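Single-structure report; data block below.
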There are 2 protein chains.
Amino acid sequence: MRVATFNVNSLRSRLPILERWLPGAGVDVLALQETKVQDQEFPLADVEKLGYRAAFRGEKSYNGVAILSKQEPDEVIHGFADGASPLWDTRLIAARFGDIWILDTYVPQGKEITHPDYEAKKEFLRRTAALIAARKDEKLLWTGDLNVAPTELDVTNPANKKEHVCFVKELRDLFAQLCAPLVIDLLRVHHPGEELYSFFDYRVKNALERRIGWRIDHMLATPSLAKQSLACWIDAEPRGWEKPSDHTPMLADFAD
Amino acid sequence: MRVATFNVNSLRSRLPILERWLPGAGVDVLALQETKVQDQEFPLADVEKLGYRAAFRGEKSYNGVAILSKQEPDEVIHGFADGASPLWDTRLIAARFGDIWILDTYVPQGKEITHPDYEAKKEFLRRTAALIAARKDEKLLWTGDLNVAPTELDVTNPANKKEHVCFVKELRDLFAQLCAPLVIDLLRVHHPGEELYSFFDYRVKNALERRIGWRIDHMLATPSLAKQSLACWIDAEPRGWEKPSDHTPMLADFAD
DNA sequence: GTCGTCGTTG
DNA sequence: CAACGACGAC
């Protein structure tokens, strides 16, 4: 099985990229983030034309997650469904395919370390960790845009990002202590020590060619699923196409 | 020599259309209107890549005229240059190629017959007529978006346009008395009686296929130039392409 | 820099 | 319907 994650930064704006990329990518399950589309506006016909089904929850302008798949999922969950507020339905979606859970999150970016959104980001990560802990013996892949660069290897210039909400030490510590122990970072299993990025800021001129980016999108597997991991990689090509997202897809193959 | 006129409704937005249309169009001189670009933002590099030079005067958001040409013009004039205010530099540009003047105007639309802009429109037409009268024995082509549909043949439904600033009888009378006697309507020389339009409102669904439009862009030649007229036609194709202007190009061929 | 929003124009 | 400007988000 091949799984991919892609922060599309507007699904409707990215349909040409998906139409160019997906047919040849051999992807069985695709986790999308920042679809930025309300459910009644979701471009289901275009997705179906590409041979995929879709489970989704979005809102106008912001957020939005979707799981596209060749096969119908056996079960779909939106948000944390733990009764607590906020529900975060447009930032977390999970779908089960047989005994494998695909957990797709768009973790709040956090804006500034002094901003309430940064507190919400930490809360989101804590609740996600709790959710995974409850299924730690199951096969589960936590994927999506996590807005966390876990180590110094995961950003181009760590020195000038010490105050950044995706790299500040407090956040990395939280991630390392609460999240990382539950799951295995598949990109690092297959590519230890490599400077690989999944996000290249639009505002940085020629960021892709200059390799100025961030690794904030991830494929993190529970141990039982990690055993099946065959490969994990970032496909930087779509970032270089016309009208790209600022993120580029990441993929992982699993033995059946 | 082949001359064309095209109200692009934003030159920068229309570069893909120009890049698709111009290379095969065989145009020597192209009069543009509604470039909607300040001079310092004019996409000169793109125009030069297409093999053209450019004389232009534009402003932010509104108006803007340009004359693109394979050959460097011998002389360029902006506005009426008659000392009177307003100067209307971003609505009138003229370029001389040898003994032929190309006068490119974007005549004010006028908004409403009760609006001050409608008075300004009539004044613009009077001053243009005076300008042409002063050169009536020279070879001169008055082209551009004139925002005048001269006759009932030139709009789809004349009955419901009697109050429209581009068709109201007062305006047609002014045009017929002041402008028309000075020049020859080349489209009508070559296509008398045909329902041909150069403008199709974006707001009218499938206006092109339903042939609901206006003939408000023109090619009007002084008698000495009209003698050289070989053909004149509207190319409706670009109106059907992706991200079109609401106008479509009009062309004219002249014997050397 | 490229998204989305809204209100304004023709 | 498709430009524009302004704004907010990342």
Side-chain angles (χ1 to χ4, degrees), chain A residues 7-17 33-38 41 58-64 90-91 106-112 115 117-118 121 145-149 161 164-167 198-208 212-214 216-217 238-239 241-248, chain B residues 7-17 33-38 41 58-64 106-112 115 117-118 121 145 147 161 164-166 199-208 210 212-214 216 239-247:
Chain A
N7 177 321
V8 285
N9 185 14
S10 171
L11 176 54
R12 286 174 295 183
S13 298
R14 227 53 66 209
L15 282 172
I17 293 275
Q33 307 86 40
E34 282 203 87
T35 55
K36 292 183 174 177
V37 63
Q38 294 173 103
E41 313 284 338
E59 60 193 278
K60 196 194 258 192
S61 294
Y62 301 109
N63 309 325
T90 61
R91 287 185 173 274
Y106 173 46
V107 176
Q109 193 256 8
K111 294 193 173 88
E112 293 278 317
H115 194 283
D117 282 11
Y118 176 64
K121 176 181 196 168
D145 179 356
L146 272 57
N147 272 315
V148 179
K161 287 175 186 70
H164 195 286
V165 284
C166 297
F167 188 66
S198 61
F199 168 78
F200 301 88
D201 197 313
Y202 286 132
R203 290 165 293 188
V204 177
K205 195 98 172 152
N206 296 119
L208 188 65
I212 300 174
W214 298 68
I216 54 179
D217 301 278
R239 184 61 179 82
W241 296 347
E242 285 280 284
K243 295 242 153 224
S245 171
D246 40 5
H247 294 250
T248 201
Chain B
N7 177 321
V8 285
N9 186 13
S10 171
L11 176 54
R12 285 173 295 182
S13 298
R14 226 55 66 210
L15 281 172
I17 293 276
Q33 305 87 39
E34 281 204 88
T35 55
K36 291 183 175 178
V37 64
Q38 295 172 103
E41 314 282 337
E59 60 193 279
K60 196 195 258 189
S61 293
Y62 300 109
N63 310 324
Y106 172 47
V107 176
Q109 195 257 6
K111 294 194 172 88
E112 293 278 316
H115 194 284
D117 282 12
Y118 176 63
K121 176 181 195 167
D145 178 355
N147 272 315
K161 285 175 188 69
H164 195 287
V165 285
C166 297
F199 168 77
F200 301 88
D201 198 314
Y202 286 132
R203 290 165 291 187
V204 176
K205 196 98 171 152
N206 296 118
L208 187 65
R210 293 162 68 200
I212 301 175
W214 297 69
I216 54 179
R239 184 61 180 83
W241 296 347
E242 285 281 281
K243 294 243 154 226
S245 170
D246 39 6
H247 293 251

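We name chains A, B, ... by the order of the sequence lines, and we start the count at 1 in each one. Quick caveat: nothing in here was measured; it's all calculated off a predicted structure.
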Integer-rounded Å distance: dG10(C) P and N147(B) CG: 11 Å
Atom-to-atom span, NE2 of H247(A) to C1' of dT2(C) - whole angstrom: 12 Å
Side-chain N,O (S61(B)) to OP1/OP2 (dG5(D)) below 4.0 Å: yes
5'-most by nearest nucleotide on DNA chain C - V204(A) or D201(B): V204(A)
Atom-to-atom span, NZ of K36(B) to P of dT8(C) - whole angstrom: 17 Å
Whole-Å distance separating the CD atom of Q38(A) from the P atom of dC3(C): 19 Å
Integer-rounded Å distance: dC1(D) C1' and K205(B) NZ: 9 Å
Any S13(A) side-chain nitrogen or oxygen under 4.0 Å from OP1 or OP2 of dG4(C): yes
N/O donor-acceptor pair under 3.5 Å between R239(B) side chain and D246(B) backbone: yes
Length of the line joining Q33(B):CD and dA3(D):C1', which is rounded to integer Å: 16 Å
Side-chain N,O (K111(B)) to OP1/OP2 (dG10(C)) below 4.0 Å: yes
Mutual orientation of the aromatic rings belonging to F167(A) and W214(A) [parallel < 30°, tilted 30-60°, perpendicular > 60°]: perpendicular
Under-4.0 Å side-chain N/O to phosphate OP1/OP2 contact, R14(B) with dA3(D): yes
Nucleotide dT9(C), atom C1' - distance to OH of Y106(B) in whole Å: 10 Å
Exercise: do N7(B) and E34(B) side chains pair donor with acceptor under 3.5 Å: yes
Rounded distance (Å) that lies between atom P of dT9(C) and atom CG of D246(B): 17 Å
S10(B) side-chain N/O to dA3(D) phosphate OP1/OP2 under 4.0 Å: no
Test side chain to side chain contact (heavy atoms under 4.5 Å, CB included) applied to K36(B) and N9(B), L11(B), N63(B), the passing residue: N9(B)
Given dA9(D), dA3(D), dT2(C), the nucleotide with the shortest approach to the side chain of Y62(A): dA9(D)
Contact under 4.0 Å: K243(A) side-chain N or O vs dT2(C) OP1/OP2: no
Given dC6(C), dC10(D), dG4(C), the nucleotide with the shortest approach to the side chain of K60(A): dC6(C)
Heavy-atom neighbours of E112(B) CD exceed 12 at 6.0 Å: no
